[in-house]
J.: 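One structure, as structure tokens, below. Some questions next.
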Amino acid sequence: MFSKRYTFIQPNEKMVFIFVFFVVLLTSCNLSLAEQKRNGSSWWRTVTKYWGCPNGWKSFSGHCYLFVYKRITWMNAGIECHNRGGYLVQVDNSHEERWLTSQLKDEVWLGMNDIQNEGHWRWSDNSFVSYTNWRYSEPNGGRSENCGCYCKNTCYWSSFNWNDRPCSYLTTGYVCEKKK
Ligand SMILES: [Ca+2]
Ligand SMILES: [Ca+2]
């Protein structure tokens, strides 16, 4: 008797109400997330730091990687990575090298150079290059080739290895890296 007096929404109406409530809730959350991503807010940066990488970047071992395929010089590739909050890819060990080469679709710049001191290769953060995966007979360019690049077809090789190129060479892309 009481239940009849106090029930002002019938079961079917309750379900419709709950459904509409959740649709509104999910839509507003989605809009809010999209807004945060667009604005690059600190809240969104915190989320991507611990949960993943920005759109278009791939995640590996605590870092994010962006693969860009276009004709570009080493210097301009570095500038584009910097503008995206990262740096030209730095390969620290064989584990990272295996993953990178499994992802590559074309020849891309590496973040290393021997511009300042011939034969002494350094990464963008000025640290020495310790792990290497030079192709047989590379590096071979002396003072005329001071920037590191992946090569495969242009080295007549079946897999991706490292080659020194003139920094002004227009290779087919680059990889940016950044920490999560
Ligand atoms: Ca050189
Ligand atoms: Ca070379």
Side-chain angles (χ1 to χ4, degrees), residues 37-38 40 44-180:
K37 276 174 81 173
R38 234 187 341 268
W44 180 253
R45 281 198 297 276
T46 304
V47 168
T48 53
K49 182 175 180 180
Y50 293 104
W51 292 67
C53 293
N55 267 348
W57 294 65
K58 294 181 179 181
S59 173
F60 176 75
S61 192
H63 288 229
C64 301
Y65 299 81
L66 180 70
F67 295 77
V68 179
Y69 297 101
K70 63 194 277 191
R71 293 275 175 189
I72 191 165
T73 64
W74 182 84
M75 189 67 75
N76 284 338
I79 290 169
E80 291 196 7
C81 285
H82 179 75
N83 290 342
R84 289 179 158 105
Y87 48 88
L88 267 180
V89 68
Q90 175 172 332
V91 187
D92 294 315
N93 51 55
S94 59
H95 189 49
E96 188 177 15
E97 174 73 358
R98 270 199 303 276
W99 179 79
L100 274 168
T101 52
S102 74
Q103 302 292 315
L104 285 181
K105 293 181 178 143
D106 214 335
E107 301 181 353
V108 295
W109 286 119
L110 287 153
M112 60 178 190
N113 72 85
D114 71 338
I115 295 169
Q116 284 195 340
N117 194 357
E118 173 56 32
H120 293 80
W121 291 85
R122 288 174 183 264
W123 296 111
S124 307
D125 64 359
N126 218 31
S127 61
F128 283 110
V129 174
S130 50
Y131 169 81
T132 64
N133 189 24
W134 295 110
R135 184 198 181 283
Y136 172 72
S137 83
E138 300 290 347
N140 65 354
R143 290 308 302 157
S144 62
E145 299 189 337
N146 295 331
C147 288
C149 189
Y150 274 106
C151 76
K152 188 177 172 183
N153 298 337
T154 57
C155 291
Y156 309 102
W157 210 246
S158 58
S159 57
F160 286 103
N161 295 99
W162 300 5
N163 180 15
D164 57 339
R165 291 266 195 207
C167 301
S168 57
Y169 176 77
L170 294 173
T171 196
T172 46
Y174 61 92
V175 180
C176 302
E177 180 179 356
K178 63 179 166 185
K179 282 184 185 173
K180 279 190 187 173

J.: Of the non-hydrogen atoms in Gly85 and Lys178, which two are nearest, and what is the gap between them?
T.: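 What the structure gives for the nearest pair is O-CD, 3.6 Å.
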J.: Just by distance, do the side chain of Arg135 and the backbone of Cys155 share a donor-acceptor pair under 3.5 Å?
T.: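 Yes; judged by distance alone, with no hydrogens or angles, the pair exists.
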J.: Measuring from Asp114:CG to Glu145:CD, what's the distance to the nearest 0.5 Å?
T.: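 CD of Glu145 is found 9.5 Å from CG of Asp114.
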J.: How about Trp121 and Trp162: are their ring centres within less than 6.0 Å of each other?
T.: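 No, the ring centres sit 6.0 Å or more apart.
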J.: Could you walk me through whether Tyr150 and Asn161 satisfy the side chain to side chain contact (heavy atoms under 4.5 Å, CB included) test, starting with their C-alpha distance in whole Å, then the side-chain angles of each, then the deciding distance to 0.1 Å, before giving a yes or no?
T.: CA-CA 5 Å; Tyr150 274 106; Asn161 295 99; over 6 Å; no
J.: Main chain of His63, side chain of Trp57: is a donor-acceptor contact present, judged purely on distance under 3.5 Å?
T.: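 Answer holds: no.
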J.: Could you tell me which non-hydrogen atom of Trp109 sits nearest to which non-hydrogen atom of Gly148, and how far apart they are?
T.: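 Closest approach of Trp109 to Gly148, heavy atoms only: CE3-O, 3.1 Å.
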J.: Going by heavy atoms in the side chains, are Leu104 and Val175 under 4.5 Å from each other?
T.: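 In contact.
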J.: Give a yes or no on whether the backbone of Arg143 and the side-chain of Asn146 come within a donor-acceptor separation of less than 3.5 Å.
T.: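 It does hold such a pair.
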J.: Do you see a donor-acceptor pair shorter than 3.5 Å between the side chains of Lys180 and Ser59?
T.: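 Present: a donor and an acceptor within the cut-off.
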J.: Given the rule in the side chain to side chain contact (heavy atoms under 4.5 Å, CB included) test, do Thr154 and Arg165 qualify, once you have shown the distances and angles that lead to the verdict?
T.: CA-CA 11 Å; Thr154 57; Arg165 291 266 195 207; 2.6 Å; yes
J.: Going by the salt bridge (Lys or Arg N to Asp or Glu O under 4.0 Å) test, which pairs reach into residues 83-106, not counting sequence neighbours?
T.: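 Those involving residues 83-106 are Glu80-Arg84.
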J.: Ring centres of Phe60 and His95 under 6.0 Å apart?
T.: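 Ring-ring flag for Phe60/His95: true, centres closer than 6.0 Å.
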J.: Would you compute the distance between atom CG of Leu170 and atom CZ of Arg71 and round it to the nearest 0.5 angstrom?
T.: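 If we round to the nearest 0.5 Å, Leu170:CG and Arg71:CZ are 7.0 Å apart.
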J.: Test: disulfide bond (SG atoms under 2.5 Å apart). Region: residues 90-137. Which pairs qualify, not counting sequence neighbours?
T.: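 Found none.
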J.: Do the side chain of Ser124 and the main chain of Gly111 share a donor and acceptor less than 3.5 angstrom apart?
T.: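 Checked: pair present.
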J.: How many angstroms lie between OG in Ser102 and CZ in Phe160, if you round to the nearest 0.5 Å?
T.: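 Atom-to-atom, Ser102:OG and Phe160:CZ are 10.5 Å apart.
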J.: Supply the atom-to-atom distance Tyr169 OH to Cys147 SG, rounded to the nearest 0.5 angstrom.
T.: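 Tyr169 atom OH to Cys147 atom SG measures 13.0 Å (nearest 0.5 Å).
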J.: With rounding to the nearest 0.5 Å, note down the distance linking CD in Gln90 to CG in Asp125.
T.: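 Answer for the CD-CG pair, Gln90 versus Asp125, is 4.5 Å.
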J.: Taking the side chain from Thr172 and the backbone from Glu107, do they hold a donor-acceptor pair closer than 3.5 Å?
T.: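 Pair found, side chain donor or acceptor close to backbone of Glu107.
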J.: Looking at every heavy atom in both Phe67 and Leu100, which two are closest together, and how far apart are they?
T.: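 Reported closest heavy-atom pair: CZ-CD2, 4.0 Å.
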J.: Determine the minimum heavy-atom distance between Thr73 and Cys167, stating which atoms define it.
T.: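 Closest heavy-atom pair between Thr73 and Cys167: CB-O, 3.6 Å.
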J.: Quick one: disulfide bond (SG atoms under 2.5 Å apart) pairs with a partner in residues 77-136, sequence neighbours left out?
T.: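 As it turns out, the disulfide bond (SG atoms under 2.5 Å apart) pairs with a partner in residues 77-136, which skip direct neighbours, are Cys81-Cys176.
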J.: Return the minimal non-hydrogen interatomic distance between Gly52 and Cys64, and the atom names on each side.
T.: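 Answer, listing the atom of Gly52 first, then Cys64: O-SG, 4.2 Å.
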J.: Would you check, one step at a time, whether the test side chain to side chain contact (heavy atoms under 4.5 Å, CB included) holds for Leu110 with Tyr174?
T.: CA-CA 7 Å; Leu110 287 153; Tyr174 61 92; over 6 Å; no
J.: Apply side chain to side chain contact (heavy atoms under 4.5 Å, CB included) to residues Val89 and Val108 and explain how you reach the verdict.
T.: CA-CA 10 Å; Val89 68; Val108 295; 5.8 Å; no
J.: Kindly say whether Asn140 contributes a backbone atom to a donor-acceptor pair with the side chain of Asp164 at under 3.5 angstrom?
T.: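 Yes: the side chain of Asp164 pairs with the backbone of Asn140.
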J.: Of all heavy-atom pairs between Met112 and Trp74, which one has the smallest distance, and what is that distance?
T.: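 Scanning both residues, the minimum pair turns out to be O-NE1, 3.7 Å.
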J.: Stepwise, does the ring pair (Phe, Tyr, Trp, His ring centres under 6.0 Å) test hold for Tyr87 with Trp123?
T.: CA-CA 10 Å; Tyr87 48 88; Trp123 296 111; 9.3 Å; no
J.: Look up atom OG1 in Thr171 and atom NZ in Lys70, then write down how far apart they are to the nearest 0.5 Å.
T.: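 Nearest 0.5 Å value for the OG1-NZ distance: 13.0 Å.
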